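If you're wondering where the values come from, they're calculated on a predicted model, not measured in any experiment. Letters go in sequence order (proteins before strands), and every chain restarts at 1.
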Amino acid sequence: MAKREYNFTDIEKRWQGFWEGCGLFHTDESSRKEKFYCLVMFPYPSGTLHVGHGRNYIIGDVVARYKIMKGYNVLSAIGWDAFGLPAENAAIKGGIHPAIWTKNNIKAMKRQLHRWGVGYDWNREITSCDPDYYKWTQWIFLKLYEHNLAYKKKAAVNWCPSCATVLANEQVVDGCCERCDTPVRQRDLEQWFFRISQYAQKLLDDISLLEGWPERVKTMQANWIGRSEGVRVDFKLENSGKALPCFTTRPDTLYGVTFVSLAPEHSIIEELISGTLQEKAVMDFVDRVRNQGIVERTAEATEKEGIFTGRYVINPVNNDKVPIWVANYVLMEYGTGAVMGVPAHDRRDFLFARKYQLPIKVVIQPKGEELRANTMKEAYVDNGIQVNSGNFDGMSNTEAIKKIAMHLEYKGLGTKTVTYRLRDWLISRQRYWGAPIPIVYCEKCGTLPVPESQLPVVLPETVEFKSHGMSPLAEVDSFINTNCPKCSGMARREIDTMDTFVDSSWYFLRYLSPKDDSQPFVTKKVNKWLPVDQYIGGVEHAILHLLYSRFITKALYDFRYINFKEPFQHLFTQGMIIKEGAKMSKSKGNVVSPDILIDKYGADTQRLYILFIGPPQKDAEWNDRGVVGAYRFLNRLWQKITDYEDVYAKVQRADIDMNKLSPAAKTLYRQTNQTIKKVTEDMETSWHFNTAIAAVMELLNNVDVFNVVIPSNAAEELNFNVFRHTMEITLLLMSPFTPHICEELWEAIGHKPSIFQQTWPAYDKNAIQEEVVEIVVQINSKVRGHLSVPIDVSNADLKRRVLSDERIAGFLNGKEVMDIVVVPKKLMNIVVK
RNA sequence: GGGCGAGUGGUGGAAUGGCAGACACGAAGGACUUAAAAUCCUUUGACCGUUAAAGGUUGUGUGGGUUCGACUCCCACCUCGCCCA
């Protein structure tokens with residue numbers, strides 16, 4: 001018979017066209033099947049994809065195809081997170097408009113996705129830089145504004161004095177501008193914020209609803225929100241008696257306060273120092289520190305610096321008079337911007353006190369030793385017993401935390417308070433390539449939202465990109481000048497655009513009605529399809545993107561647009577693909593292009609290798625040579641099935657009756673059923689695609705030792721049917737991983753396409769049962785022999801057989817048997833002395 | 001400094017209390033070929049051992065512990081990675 005080549009190029013093209021034509025991934029929303037929303041994080045169109053990106057989409061495709069075969073109505077869609085800085089940089093450097101650059105990249109990446117054979121409902125494709133999309137991003141801004149969750153305030157930005165421009169954090173390298181190396185300064189600008197802090201507690205509490213999320217990601221979210229319980233203690237200014245509130249999580253150390261320090265931004269400073277001798281020195285210090293970045297100021301390695309204000313406060317619990325300092329490590333954003341200094345029991349306070357010769361007062365003693373202020377080498381931050389603490393002496397400090405807080409509240413000297421590390425979300429970007437913030441400033445009427453009917457506020461196309469100065473939007477008069485929506489008088493538009501994280505915080509709602517121009521999403525549809533059943537993406541988005549999406553979802557829930565509180569039911573974070581010890585990136589020059597590999601081996605080979613490389617949640621090292629292993633396997637599978645291409649139609653199909661099979665056929669039939677079980681478990685429970693594939697490889701190795709002949713009698717027909725059954729199962733099990741070749745072979749073996757209309761195979765419980773098992777015989781836990789016994793052998797019978805075994809008896813000669821441990825169907829351990 | 005991962009052959013990895021190294025890569029030897037590629041077969045943790053079979057010892061970062069039995073569970077430590085300071 002003529003051998004047919006495994007011509008992957010033609011095969012892959014053919015089936016990609018077929019799936020497109022038959023609408024395999026087209027989601028029929030009226031279907032009565034149970035829904036399954038499978039979502040991969042939508043890509044930023046940065047240029048071309050490498051195999052590291054491919055892992056994400058291929059995993060998503062495997063899950064989608066598997067769920068289709070399991071009988072779900074699957075929704076799998078994709079779009080483009082298309083606003084952002086790289087496009088604007090390309091415009092500045094290469095003179096190409098961001099819109100063109102983005103469009104070209106989308107085109108190139110779409111082609112790559114198609115070549116991988118990953119399937120989406122392309123009718124639902126969305127692009128966040130499209131006015132049809134960002135109209136609704138602006139709508140979300142308006143809704144947040146309406147509910148007082150969007151507001152404007154002054155906030156520090158990175159400012160390059162030489163370029164006279166605002167820099168994004170990633171444009172600041174070692175505290176300097178990445179372009180001109182000028183030290184970056186902090187400058188206050190009026191900017192828009194989303195009040196995510198108002199949702200801090202809800203975001204924290206509802207982590208418990210995220211059952212299908214990795215623990216690691218949940219912990220990262222909780223840490224980022226950073227709830228801490230403490231007390232706001234009112235210290236009184238010595239001269240005026242005015243309260244200076246300090247937040248502390250350690251009220252047990254209150255008796256050990258020897259100074260109080262203020263953030264340089266604290267509003268009380270001016271009032272404190274005015275007219276004092278220190279006034280000028282303090283103001284100089286404040287100016288200098290405020291120009292340091294926050295990251296730099298609070299870094300462990302940065303020198304703690306401060307200056308005395310010349311003023312004092314009174315400690316409310318013991319009336320100690322303690323000095324007020326201004327310190328670089330205190331932040332206005334956290335707590336009250338004023339902290340009490342307890343050198344004996346806080347590391348930073350200890351260093352600070354030593355540096356400026358401030359007193360150290362021990363108020364907590366560890367068990368079994370006695371700390372002395374003048375001999376301490378470092379702060380003691382652990383638990384112990386209260387000393388020098390008035391009525392609280394002798395109490396454990398954990399007890400004192402509660403008692404002192406109660407005491408303060410009772411006396412009206414403080415309030416129990418909860419604070420969060422989570423800051424409000426700064427969404428203003430002084431950039432062109434983003435969704436314009438829909439706000440108008442009128443001299444008469446003030447700050448006004450753009451009415452919904454006037455959305456979208458469209459980005460002007462013709463702008464000038466310069467490497468210096470403000471956002472290009474600042475110079476487009478036709479954009480800036482507008483009419484006030486209230487009084488129709490002259491008004492000007494907000495020129496800042498939104499952080500791209502706003503675009504990506506709601507896109508998963510848009511897939512349900514991507515073209516609806518009357519509303520951002522259809523409540524009825526999103527309520528039916530969300531939460532997303534399975535979200536798949538990189539762990540680098542474990543904090544911000546997921547937290548912002550959760551916040552927007554919760555806000556929309558509170559505004560009664562949707563009836564679910566969390567957007568993503570299950571989350572899967574895949575590991576990175578590493579090459580030469582580093583993450584693949586263009587700048588490192590270690591990227592592997594999928595196109596070259598597809599040309600050489602085909603998409604199925606590449607998919608198989610990426611899935612086989614290791615457990616998908618772990619990082620994995622890419623090895624170009626490893627790819628051939630996947631290619632060889634597919635070739636063997638191809639050969640095995642096409643060898644009998646003209647036989648399948650001639651051999652009558654028959655149900656397989658275990659009792660009539662030859663021993664070899666029975667073994668193969670059993671192995672086939674065992675493989676179904678193994679692969680299904682790997683798909684359902686752990687997503688260990690690598691071991692699922694290994695199991696199928698093993699099965700094919702077993703087919704190799706099974707003697708297939710073109711049947712000429714009934715017994716041979718039976719054998720052939722067992723072989724055919726095994727190959728059909730192999731194709732079904734492999735189809736989510738390597739869909740093209742499986743479709744082709746499914747047809748070759750005599751079926752009508754598509755294989756994805758088949759249901760996922762179930763295993764025959766009776767068939768997986770072995771008749772004979774091999775028992776490992778150990779003596780003192782060392783393997784000394786193996787024994788084949790019927791599966792249903794009794795323990796007593798097993799012992800008798802083992803002890804009468806010649807070899808085992810030799811080992812036992814002259815030794816006393818102390819104990820025999822039997823693990824049914826597996827092992828027997830004889831303990832001897 | 002804190003939190004979370006991880007550490008197994010030459011390599012990617014498998015085994016979650018029961019034969020360590022499945023599956024694959026690479027390597028070595030062989031078959032086919034004028035030759036090469038492809039393909040197929042054999043071997044492949046290390047060490048000792050025999051003409052050959054066998055067989056033995058040792059082995060999952062280090063040190064302890066629990067157990068008849070530990071890559072797996074517990075304690076301490078070392079190294080690397082990620083996130084946060």
| request: Report the base-pairing partner of A53(B) (Watson-Crick or G-U wobble, both distances below 3.5 angstrom), or none. | output: none
| task | State whether the side chain of His345(A) and the backbone N or O of Tyr380(A) hold a donor-acceptor pair below 3.5 Å, judged by distance alone. | result | yes
| field | Presence of Arg784(A) side-chain N/O under 4.0 Å of G55(B) phosphate oxygens OP1/OP2 | value | no
| query | Using purine N1 to pyrimidine N3 plus N6-O4 or O6-N4 for Watson-Crick, or N1-O2 and O6-N3 for G-U wobble, both under 3.5 Å, which nucleotide pairs with G26(B)? | reply | U44(B)
| field | Given A14(B), G26(B), G3(B), the nucleotide with the shortest approach to the side chain of Val628(A) | value | G26(B)
| request: Using a cut-off of strictly less than 4.0 Å, decide whether Arg632(A) has a side-chain nitrogen or oxygen near OP1 or OP2 of C25(B). | output: yes
| request: Could you go through the ring pair (Phe, Tyr, Trp, His ring centres under 6.0 Å) check for Phe633(A) and Phe612(A) one step at a time? | output: CA-CA 12 Å; Phe633(A) 171 74; Phe612(A) 186 63; 8.7 Å; no
| task | Could you tell me the separation between the CD atom of Glu698(A) and the C1' atom of A22(B), rounded to a whole number of Å? | result | 6 Å
| request: Would you classify Val821(A) as touching base, sugar-phosphate or nothing, given that sugar-phosphate means primed atoms plus P, OP1 and OP2, and contacts are heavy atoms under 4.0 Å? | output: base
| Should Lys782(A) be listed as having a side-chain N or O under 4.0 Å from OP1 or OP2 of G55(B)? | no
| field | Touch class at under 4.0 angstrom, heavy-atom based, for Gln778(A) against every strand present | value | base
| said: Checking contacts here: which listed nucleotide (G18(B), G69(B), A14(B)) is nearest the side-chain heavy atoms of Lys618(A)? | reply: A14(B)
| query | Would you call the rings of Tyr548(A) and Trp425(A) parallel, tilted or perpendicular if under 30° counts as parallel and over 60° as perpendicular? | reply | parallel
| query | Which listed nucleotide (A20(B), C68(B), G18(B)) is nearest to the side chain of Val823(A)? | reply | G18(B)
| message | Is the ring pair His545(A)/Phe568(A) parallel, tilted or perpendicular, if the boundaries are 30 and 60 degrees? | response | tilted
| Side-chain heavy-atom pair Lys640(A), Val703(A) within 4.5 angstrom cut-off | yes
| said: Using the side-chain heavy atoms of Arg347(A), tell me which of these nucleotides is nearest: C4(B), G1(B), G3(B). | reply: G1(B)
| message | With heavy-atom distances below 4.5 Å as the criterion, would you say the side chains of Val63(A) and Trp687(A) are in contact? | response | yes
| task | Using a 4.0 Å heavy-atom cut-off across all strands, classify Asp819(A) as base, sugar-phosphate, or nothing. | result | nothing
| message | Using a 4.0 Å heavy-atom cut-off, does Ile613(A) contact any base of the nucleic acid, only the sugar-phosphate backbone, or nothing at all? | response | sugar-phosphate
| request: Assess Arg607(A) against Trp116(A): is NZ or CZ under 6.0 Å from the centre of the six-membered ring, and within 45 degrees of the ring's axis? | output: no
| task | Could you work out which one of G18(B), A85(B), C4(B) sits closest to the side chain of Arg216(A)? | result | C4(B)
| Does Asn701(A) put a side-chain nitrogen or oxygen below 4.0 Å from OP1 or OP2 of A24(B)? | yes
| said: Expected output is a numbered-order residue list: members of residues 679-693 of chain A with a heavy atom under 4.0 Å from any atom of RNA chain B. What is it? | reply: Asn690(A), Thr691(A)
